[in-house]
Amino acid sequence: MGQTHLKNALRIPEIEVTSVADKSQKNQKLAAKWGVPKTYTDYEELLAHEKPEAVIVSLPNFLRVPAITKAAGNGVDVFVDKPLARNLSEIELVKRTIRRAGIRLMVSNNFRFFPHVQELKHRLEQGRYGEIVSVTLEHIMNGPFTHPLVPRPVPEWWFDKTKVGGGALIDNGHHVIDLFTWLFGKPRLEYWNFEHRNNLEGEDAVNIVLRSGATGTVGMLTAGWFSNVIFPRLDFRVILHGTAGYCSTDELRPNFYLNALKEGLRNISRRFVGRPRNILTYTYYLSSYFFSLQSFVECLKTGAQFPTTLDEETQVMSIIDEIYNEESKEHGSSCGQSRRR
Amino acid sequence: MAVVVGRVEGDSYEDTRKMIWSVMERAWPASAEPRSILIKPNLCYYWDSSTGQTVGAQTTSHIIDYLREKLDSKPLITIGEADASAMKTKHAFRMLGYDAMAREKNVKLTNLSDPPTTRVNAMVGGTRYDFSVSDCLLQSDMILNLSKLKYHRTPGLTCSLKNMFGAIAKPHKFSYHRQLDRIIVAINKTLSDLPMLCVVDGLVALGKYPLKIGTILAGTNALEVDSVAARIMGVRPQSIGHLNLAQKEGLGHFAREDEVICINTSLNELRNIFPKQNRRIQNLSWWIQLTGVRIYCHLAGDVLPPLIDE
């Protein structure tokens, strides 16, 4: 993720990337190769020496809060990967810290920036499908267990539930709960179910039923790490079921290869006439990270509210926290279950 | 030496167990009574057996039951796998159910990347190749080479011969990929003196997509078994680099039709069912996409996704 954010940052004209901190020597060399003037092994040194205006925090889940705290202590605005923290109490700590420091923070909930999701939200707001009685949200992939083209081991912290903050729920599940919250507001937990196919401490499949306290819409959410499907295929969709029709993001998404061709030709012609290119739009999905970072920068410049707010992040983590607390109850949960093979 | 091919309809526990036992019984080397057996399953990554990528713990447990029933010597059975570039054996054993199965069956699990190891070598095409191999594997009376029936983008297919590439102790085996055919043949040459039974798990085979075809192959020569597997997959054995090289280097020969014993099936039937994929077209498609993306990014000044950039 850090490499993706760095590449995007280097292509946003409003951003001057002055430095990068990474424990990996290989990543430091890459950053230097891409034109970053200074690299550090320790982000505390970076904060002390560089005095940046903002930082992008792209660290493992268990390292985010300490880094945000340090950045806030140095009066630096923060753009951070989701989830913001591992649990609600860490989020409350972050909120207090940034309030005291007077800095701004945005969580990169990049699924909101998928073009087909943006279109779906637009149609929802127009009332094209009547009242939305229920919505289906699904996001199933391989989680940390992606076998990259150049193989390398899965970082060990992914196997430690305390460092991750959980399993598929806090990873993929965060995306679908966030989308439900963004589309309908005030999520309330009705039911949850975990599966542990992988025999790990953390769950690898989760089914959740939420109800919106604002609209009454019921959400059927599925998230999981149990599939080996890889990019460019993405097992993700949102389906609105309304009184006047239905709409699926699958219908709004263009053919991947035709889109790549179209966006590629557009960007080539933009380059030749000296217009700015749309970064990574040929991949369809990955451009969401670029747009998310771009909106962070624009909001910092204009003082506008970030498109993903801390209140929404708190609502998302409240649901996640509630489920994990229910799971840990000795005598079982009143509204869910956890099953192991 | 015969290659035995069996098939079970459906996936009931009892029918699968019976079929595995009957294939192994026909393929078992006469009068072999090993006191120690190392089972080397293909656990290439953390994807479970339903994806067609790895050997399931249940399949391995059927084989363990057979060994215990058959052999008066009541051999010490160990299941071993080495770390890979992207996979750690300790996680694979846990995630794929081998930890639990090993406790239930009272067998030992071992990481073939852990010491003690011994340096072994073999000559292939006039070049010497050195490897570290686990002593646990080298000191076993028999290796039970338990591979999958599946395509692989680089060598074309991954079966018995390729499975032993996974037994090399060095974890970062991706560095061998430039000479993969030679390395596969070399490691098999270093182990060629060890008694081996090759079993191929095709219960869920992997071609263009995974498919429950319910087949098991077994034989005592890895090249013979792989040549039959290739035919089932609709691939000429001669078109697979490491199979050709293995034959040239004296590891055996491509099994003839009269050397194949079929139980409850035929090679034609299996070949018709197997979800074939044209490897050349698939590799060409990958190359076109990756090259096209690089050229585009250069022309447009766009960004390569980091995973492709690497």
Side-chain angles (χ1 to χ4, degrees), chain A residues 1-8 10-11 26-27 30 34 142-154 156 158-159 197-200 204 225-232 257 260-261 263-272 276-283 285-287 289-290 341, chain B residues 44-54 56-58 83-101 113 153-154 171-177 206 209-210 285-286 288-290 292-310:
Chain A
M1 276 317 307
Q3 288 184 20
T4 301
H5 290 316
L6 175 58
K7 282 190 168 196
N8 290 336
L10 288 167
R11 278 161 180 79
K26 183 179 152 209
N27 286 345
L30 260 180
W34 293 341
N142 29 44
F145 308 117
T146 306
H147 194 302
L149 290 176
V150 177
R152 61 174 176 271
V154 175
E156 286 297 313
W158 278 108
F159 295 94
R197 290 179 58 84
N198 283 343
N199 304 306
L200 296 174
D204 42 64
W225 281 347
F226 53 82
S227 169
N228 70 354
V229 161
I230 57 168
F231 188 82
Y257 294 101
L261 188 61
E263 288 297 317
L265 289 172
R266 266 190 188 163
N267 275 334
I268 290 171
S269 60
R270 282 188 190 119
R271 188 179 198 190
F272 283 113
R277 275 93 59 200
N278 286 334
I279 300 299
L280 285 170
T281 50
Y282 71 96
T283 67
Y285 296 109
L286 298 180
S287 58
Y289 295 109
F290 178 84
R341 268 207 289 197
Chain B
C44 58
Y45 199 62
Y46 308 126
W47 301 311
D48 79 19
S49 58
S50 65
T51 64
Q53 294 276 5
T54 55
Q58 186 170 285
D83 289 336
S85 302
M87 182 275 289
K88 294 258 174 83
T89 300
K90 63 179 179 182
H91 296 314
F93 279 156
R94 181 179 180 182
M95 291 173 71
L96 301 177
Y98 276 77
D99 277 355
M101 186 270 285
S113 291
R153 204 163 55 89
T154 311
H172 191 62
K173 293 189 245 299
F174 186 68
S175 57
Y176 288 135
H177 271 220
L206 181 62
Y209 43 80
S285 163
W286 266 102
I288 288 172
Q289 288 180 67
L290 289 176
V293 164
R294 286 187 198 286
I295 292 172
Y296 156 71
C297 287
H298 180 71
L299 284 175
D302 203 332
V303 165
L304 272 176
L307 288 181
I308 294 179
D309 210 3
E310 278 182 77

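No experiment lies behind these values; they were computed from the predicted model shown. Note on naming: letters A, B, ... go to the chains in the order of the sequence lines (proteins, then strands), and numbering restarts at 1 for each one.
Put simply, the side chain of B/Ser50 reaches to within 4.5 Å of the side chain of A/Arg197, judged on heavy atoms. For the pair A/Asn199/B/Tyr98, no side-chain contact is recorded, criterion being any heavy-atom separation below 4.5 Å from C-beta on.
Scanning both residues, B/Phe174 and A/Val150, for their nearest heavy atoms gives CE2-CG1, 4.2 Å. Shortest non-hydrogen contact noted between A/Tyr282 and B/Tyr296 is CD2-CE2, 3.3 Å. Smallest separation of non-hydrogen atoms from A/Arg271 and B/His298: NH1-O, 2.9 Å. The minimum heavy-atom distance linking A/Lys7 with B/Val303 is given by the pair CD-CG1, 3.2 Å. Looking at every heavy atom in both residues, B/Pro305 comes nearest to A/Thr283 through CG-CG2, 4.1 Å. The two atoms that bring B/Ala86 and A/His147 nearest to each other are CB-NE2, 3.8 Å, heavy atoms only.
Distance check, rounded to the nearest 0.5 Å: CG of A/Leu280 to SG of B/Cys297 gives 7.5 Å. Once rounded to the nearest 0.5 Å, the distance linking CG of A/Asn267 with CG of B/Leu299 reads 11.5 Å.
Ranked by heavy-atom pairs shorter than 4.5 Å toward chain B, the options A/Phe272, A/Tyr289, A/Tyr257 are led by A/Tyr257. Your options are B/Asp99, B/Thr51, B/Leu304, B/Val293, and the one with the most heavy-atom pairs under 4.5 Å with chain A is B/Leu304. With respect to chain B, the highest number of heavy-atom pairs below 4.5 Å among A/Asn278, A/Thr146, A/Asn8 belongs to A/Thr146.
Only the side chain of A/Leu286 comes within contact range of chain B, with at least one heavy atom under 4.5 Å from a heavy atom of that chain. For A/Thr4, the parts sitting under 4.5 Å from any heavy atom of chain B are the backbone and the side chain alike. With a 4.5 angstrom heavy-atom cutoff, A/Asp204 does not touch chain B via any of its atoms. For A/Trp34, the part lying under 4.5 angstrom from a heavy atom of chain B is the side chain only. For A/Phe226, no part lies under 4.5 angstrom from a heavy atom of chain B.
Between B/His91 and A/Phe159, the ring planes lie parallel to each other; the angle is under 30°, not in the 30° to 60° tilted range.
With sequence neighbours excluded, the residues forming a side-chain hydrogen bond (donor to acceptor under 3.5 Å, both in side chains) with B/Ser285 are B/Gln289, listed by chain and number. For B/Asp83, the side-chain hydrogen bond (donor to acceptor under 3.5 Å, both in side chains) partners at least two apart in sequence or on another chain are B/Thr89, B/Asn111.
Between the A/Asn198 side chain and the B/Met95 main chain, no donor and acceptor come within less than 3.5 Å of each other.
The closest side-chain donor-acceptor pair between A/Asn142 and B/Tyr46, if any, does not fall under 3.5 angstrom.
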